[in-house]
Amino acid sequence: MKKGIFWILALAILALLQSGLQGYIGAYYYQIVIFVGINIILAVSLNLINGTTGQFSIGHAGFYAVGAYTSASLLYYGEPTFRGWISFLPHSAQDVVLLLFGLLAAALAAGFAGLLVGIPSLRLRGDYLAIVTLGFGEIIRVLILNINAVGAARGFLGIPEFSNFFWVYLFALITVVVVHNLVNSSYGRAFISIRDDEIAAEAMGIDTTRFKVMSFVISSMFAGIAGGLFAHFTAFLSPNTFQFTTSFYLIIMIVVGGMGSIEGAILGAILITVILEAFREFGAFRFVNFAVLLVLVMLFRPQGIVGSWSLFRKAGAR
Amino acid sequence: MATFLQQIINGIAQGSAYALIALGYTMVYGVLRLINFAHSDVYMFGAFMGYYTANNPWIKSTFGQSLTAAAVVMLIAMVLSAGLGILIERFAYRPNRSETRFTLAFWLGILGAAAGQLMSPGFFALTLGAAIGIAIGVVGEIAGLRPVRQDSRLSLLIIAIGVSLFLENGGQVAFGADPKFFPEIIQTAQWNVVGLKVDSQQVIVLGVSIILMVLLNLLVHYTRTGKAMRAVSYNLDAAKLMGINTDRIIALTFAVGSALAAAGGILVTLLYPKIEPLMGVMPGLKAFAAAVLGGIGNMTGAMLGGLILGIAEVMAVGYGQSTYRDAIAFIILVLILLVKPDGIMGKGPTEKV
């Protein structure tokens, strides 16, 4: 009952904001708000691997790319066919069905990619895993650069525009709720125990490999959804968006916010996205200033801004 | 067959440059357990220092186009890069580990200089901004704003990413974002050795790499400092208890690694003379992959990994599609790690319960 009211209220607020937001704040700020939402999905999902399960992945941009290109190419090439199947629906409802279909495909494709990366993670630990995830992200990017059907290095133009504020923030909310519930479930306890002490976790009868792969797959699925939302918002994809620097920025978000905490990941996503936009006025010095600030934050507050503090802390949870 | 051997020669030249960069990664990893992402930008810095030295009128008129000129350019670039490595270690990595001073002043000084430059471009505003920043930093430090000392590899890693971002973008501001072309400091000669083309650049790259690696090996295995370096990399805390000045040894490790990266930078520009502030990113990643491939922390492994990747990459470009060039290194890395999870020469970590 309480949950029902929460979701109805959330949907109502999102729909209300959707109807007026863009006209009120203008196209530029609207776009930043959207990117903040997408980064929240990415950061919260990455936090599941890096913060909760304690594995070190720096290839999140790869899953993001898989989702974005899957959904984009599916709807770019398949839109007329799919519309034919659901022609009994009104046009706007068709858009919704198409978007959800694209996002589902994005999540599945990215989840499969996560499974592929998760399997080597059975044997690798620490920095070896880090470089493999990074390498995987780069391999994905180089593959995209070589596929002509999705525009290769020129970029992918003319992707149907379906996503907007409502969908981005609805999925951001879903991501947060799902990850929060997951972390506070017996699965989440298993993830945390792997992070804290893998050997002890194994001794307690936790199938560590299974849970590690599971956290990779779930996290990648959300990254895939974020990719789909991004693709159908900007209507243009370039392989440069998915360079390993994107993964680095996501890591920065979760560490600056506070590793292992969902609130930290959300705060980090908002903060980093907004700061990077605000620093545009510094021109050539934009990233110089950003880098120095980043180093200072890490030197003087290494636990992140939020630390491991939690807004909805339940007994014993971290 | 002749083409194959030719590709091997090209690959060895490319690979020895990767190996030099990979050595820096592996050495720093050995002492700090840190993936030093800033290393690839020290490589870029080295190449630029070489560029400015080589274009210096005095150097040009004194040495001209000769081996001596190349040696002088390379030495100066190596020394300057070693200095940069020490600076990075001192102000970015050390505050995390031991008591340091002027960290805040250093970084605020840079921010101040950037702010001054933004307000009115010129030397005066730059120094004034830097001075104000340093003053605020010193006051802050006296007031008790000190870096938090803690043993967190993760925040160290983020700092490394930050320093790397700083050097790349600082390089774009300081050196300009447009590519530059390295002057030809050595005359190109080409020889035919049993039907294979070998040019003087390739011989120099290979020769210098071998000399540097032999010197490094002598330093690490046959001097007291080298012994201390090995001790620190084996167990930092125990080394400290044995009376080794670990901070000094770590700084020295950064200096040596950075000098090797600079040498690598100059050698690569002999083969491909285009330099730009982002030139370090891809070679850096690949060299890091090489270090991991060989077993990170292991110096022989880094050299071997560099050679494998260099040869594989040249082969892939020669026989396959050059557009996949950047993926080859990582595909090989994944394949080898699937078979040997600790790299070719790596020893698995001992697990303590």
Side-chain angles (χ1 to χ4, degrees), chain A residues 50 56 58 117 119-120 122-132 134-143 145-146 152-153 197-200 203 243-245 248-249 251-252 255-256 259 281-304, chain B residues 29 33 35 37 91-92 95-96 103-104 107-108 110-111 114-115 117-118 145-148 150 152 154-159 161-170 172-173 177 281 285 288-289 292 296 321 323-327 329-331 333-334 337-338 341-343 346 349 351-353:
Chain A
N50 287 24
F56 197 67
I58 35 179
V117 184
I119 290 168
L122 312 181
R123 303 190 63 195
L124 305 175
R125 34 186 98 226
D127 302 310
Y128 289 92
L129 177 63
I131 183 71
V132 164
L134 194 153
F136 169 77
E138 283 299 296
I139 292 172
I140 294 273
R141 194 178 60 86
V142 173
L143 282 180
L145 275 172
N146 282 287
D197 193 331
E198 198 171 332
I199 298 168
Q243 275 173 340
F244 68 95
T245 39
F248 280 6
Y249 283 117
I251 302 263
I252 290 170
V255 176
V256 165
M259 193 79 149
E281 63 171 297
F282 294 145
F285 286 98
R286 178 184 176 202
F287 286 104
V288 176
N289 290 351
F290 176 76
V292 173
L293 275 186
L294 179 68
V295 171
L296 282 177
V297 167
M298 279 298 107
L299 284 178
F300 287 85
R301 195 163 165 84
Q303 72 273 41
Chain B
Y29 189 89
R33 300 285 177 274
I35 308 171
F37 281 112
F91 287 106
N96 220 320
T103 311
L104 190 61
W107 292 106
L108 285 187
I110 290 176
L111 266 190
Q117 184 72 12
L118 268 175
L145 262 177
R146 301 253 161 83
V148 179
Q150 64 152 31
S152 162
L154 187 71
S155 46
L156 207 58
L157 189 80
I158 302 292
I159 292 173
I161 293 176
V163 173
S164 162
L165 262 179
F166 171 73
L167 290 177
E168 280 162 22
N169 294 285
Q172 292 194 342
V173 174
V281 177
L285 272 190
F288 175 54
V292 174
I296 192 150
Q321 266 187 302
T323 40
Y324 284 98
R325 179 184 181 140
D326 286 343
F330 298 109
I331 292 172
L333 174 79
V334 171
L337 287 189
L338 280 179
D342 297 306
E351 285 182 25
K352 294 175 198 142
V353 182

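Sequence lines set the chain letters: A, B, ... in the order given, protein chains first and strands last, and positions in each chain run from 1.
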Which atoms of [X] come close to chain A, meaning under 4.5 Å heavy atom to heavy atom: side chain ones, backbone ones, both, or neither?
| X | answer |
| --- | --- |
| B/I110 | side chain |
| B/I158 | both |
| B/F91 | backbone |
| B/L154 | side chain |
| B/R146 | backbone |
| B/L167 | neither |

With respect to chain A, which residue among B/N96, B/D326, B/V334, B/L333 yields the maximal number of heavy-atom pairs within a distance under 4.5 Å?
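Most heavy-atom pairs within the cutoff with chain A belong to B/L333.
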
For chain A, the option from B/V163, B/L145, B/L108 that forms the most heavy-atom pairs under 4.5 Å:
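Option with the top pair count is B/L145.
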
Report yes if some heavy atom in the side chain of A/F56 is under 4.5 Å from a heavy atom in the side chain of B/I35; otherwise report no.
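Counting from C-beta outward, A/F56 and B/I35 never come under 4.5 Å.
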
Residues in side-chain contact (heavy atoms from CB on, under 4.5 Å) with A/N289, at least two apart?
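Residues passing side-chain contact (heavy atoms from CB on, under 4.5 Å) with A/N289: A/F279, A/F282, A/F285, B/L111, B/A114, B/L118.
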
For B/P147, check side-chain contact (heavy atoms from CB on, under 4.5 Å) against everything at least two apart and list the hits.
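A/L299, A/F300, B/P95, B/T103.
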
With a 4.5 angstrom heavy-atom cut-off, is it the side chain or the backbone of [X] that approaches chain B, or both, or neither?
| X | result |
| --- | --- |
| A/F244 | side chain |
| A/R286 | neither |
| A/I119 | neither |
| A/V288 | both |
| A/I251 | both |

Nearest heavy-atom pair of [X] and [Y]: which atoms, and what distance?
| X | Y | value |
| --- | --- | --- |
| A/L294 | B/G162 | CD2-CA, 3.7 Å |
| A/V292 | B/W107 | CG1-O, 3.7 Å |
| A/A284 | B/V173 | O-CG2, 3.6 Å |

Atom CD1 of A/I58 and atom CZ of B/F37: how far apart are they, to the nearest 0.5 Å?
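Separation between the atoms: 4.0 Å.
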
Looking at chain B, which one of A/V142, A/N146, A/V297 has the largest number of heavy-atom pairs inside 4.5 Å, strictly under?
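With the most close heavy-atom pairs to chain B, the winner is A/N146.
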
Greatest number of heavy atom pairs closer than 4.5 Å to chain B - which of A/L134, A/I140, A/L293, A/V132:
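With the most close heavy-atom pairs to chain B, the winner is A/L134.
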
Which of these passes side-chain contact (heavy atoms from CB on, under 4.5 Å) with A/V295: B/L165, B/I159, B/I161?
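Looking at B/L165, B/I159, B/I161, the match for A/V295 under the side-chain contact (heavy atoms from CB on, under 4.5 Å) is B/I159.
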
Would you say the side-chain atoms of A/Y128 pair up with the backbone N or O of B/D342, donor to acceptor, closer than 3.5 Å?
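Checked: pair present.
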
